[in-house]
Asker: 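Following this message is one structure expressed as structure tokens.
Atoms within each ligand, like the ligands themselves, are counted from 1 in listed order.
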Amino acid sequence: MADPAKNTPLTAVMTADVTLDVNGAPHTLHLDVRTTLLDALRDHLNLTGTKKGCDLGQCGACTVLVDGRPVVSCLTLAATQQGRAITTIEGLERDGKLHPVQEAFIEHDAFQCGYCTPGQIMAAVGLLNEGVPATDAAIRERMSGNLCRCGAYVNIVEAVKAAAAAQKG
Ligand code: FES
Ligand code: FES
């Protein structure tokens with residue numbers, strides 16, 4: 001169907017109520033059904049710790065956990081995530097104490113500008129949720145979807161190793 005006055009196609013925006021479980025709390029949002037999880041978090045819930053880098057699924061800056069596993073939120077539609085447990089960088093601390101991976105990133109100076117850091121930390125937490133990697137190469141491989149323009153990779157691997165060692169006990 002076209003607008004005869006302008007001869008341009010008319011598009012209807014479909015919206016829906018979407019309830020997201022974010023950091024342990026439910027939030028019902030009225031969203032354009034095309035809204036990404038990243039935009040829902042940042043623009044509708046004001047959880048701006050999750051960063052937008054490429055918005056194309058290529059940099060990992062927007063990584064969050066869904067049911068404990070890392071996903072790139074820029075390629076995930078918010079409306080498809082109802083009923084799942086979403087964790088952002090803001091949801092990692094417990095009783096005012098940073099998550100061990102956050103502590104390890106600070107201890108090992110695993111960032112420079114910090115823009116990629118929330119995504120790196122969420123990817124690392126997701127990685128450790130699935131078990132401790134046996135080698136540095138395995139850590140690098142598992143973290144390879146998270147780019148760091150500052151080149152902090154060496155210290156990021158050290159931080160993940162330290163957090164893994166702490167998890168092992
Ligand atoms: S912003 Fe999502 S992968 Fe780059
Ligand atoms: S610390 Fe700057 S992009 Fe990674």
Asker: Can you name the atoms of ligand 1, numbered from 1 with element, that are less than 4.0 Å from a heavy atom of Cys59?
Answerer: 1 (S), 3 (S), 4 (Fe)
Asker: Can you sort out which atoms of ligand 1 are near Cys74, meaning under 4.0 Å from one of its heavy atoms?
Answerer: 1 (S), 2 (Fe), 3 (S)
Asker: Output the list of atoms in ligand 1 that are nearer than 4.0 Å to some heavy atom of Cys62, sorted by atom number.
Answerer: 1 (S), 2 (Fe), 3 (S)
Asker: Where does Cys113 meet ligand 2, judged by heavy-atom distances below 4.0 Å: at the side chain, the backbone, both, or neither?
Answerer: both
Asker: If hydrophobic clusters are built from ILVMFWY residues whose side chains come within less than 4.5 Å, do Ile89 and Val101 share one?
Answerer: yes
Asker: For residues Leu38 and Val18: do they belong to one hydrophobic cluster (side chain heavy atoms under 4.5 Å, members Ile, Leu, Val, Met, Phe, Trp, Tyr)?
Answerer: no
Asker: Quick one: are Cys148 and Tyr153 in side-chain contact, heavy atoms under 4.5 Å?
Answerer: yes
Asker: Apply side chain to side chain contact (heavy atoms under 4.5 Å, CB included) to the pair Met122 and Leu92, showing each step before the final yes or no.
Answerer: CA-CA 9 Å; Met122 300 312 291; Leu92 285 186; 3.7 Å; yes
Asker: Are Leu128 and Pro133 side-chain neighbours, meaning at least one heavy-atom pair lies under 4.5 Å?
Answerer: yes
Asker: Which residue and non-hydrogen atom of the protein lie closest to atom 1 (S) of ligand 2, and at what distance in Å?
Answerer: Gln112 N, 3.2 Å
Asker: Within a distance under 4.0 Å of any heavy atom of Asp55, pick out the atoms of ligand 1 and give their elements.
Answerer: 1 (S), 4 (Fe)
Asker: For ligand 1, which atoms have a heavy atom of Gly57 less than 4.0 angstrom away?
Answerer: 3 (S)
Asker: Which residue, Thr87, Asn129, Asn146, Leu65, forms the side chain to side chain contact (heavy atoms under 4.5 Å, CB included) with Pro70?
Answerer: Leu65
Asker: Mind checking the CG-OG1 spacing from Leu45 to Thr88? Nearest 0.5 Å is all I need.
Answerer: 9.0 Å
Asker: Is any side-chain heavy atom of Thr48 closer than 4.5 Å to one of Asn46?
Answerer: yes
Asker: Looking at Asp95 and Lys97, does any basic side-chain N land under 4.0 Å from a carboxylate oxygen?
Answerer: no
Asker: Quick check on atom 4 (Fe) of ligand 2: does Cys150 put an N/O/S atom closer than 2.8 Å to it?
Answerer: no
Asker: Kindly confirm whether atom 4 (Fe) of ligand 1 is within less than 2.8 Å of some N/O/S atom in Cys54?
Answerer: yes
Asker: Any atom of ligand 2 sitting under 4.0 Å from a heavy atom of Gly114?
Answerer: yes
Asker: May I ask you to check if any N/O/S atom from Cys148 comes under 2.8 Å of atom 4 (Fe) of ligand 2?
Answerer: yes
Asker: Gln58 heavy atoms, cut-off 4.0 Å: which ligand 1 atoms fall inside?
Answerer: 3 (S)
Asker: Just need the protein heavy atom nearest to atom 3 (S) of ligand 2, so name the residue and atom and give the distance.
Answerer: Arg149 N, 3.3 Å
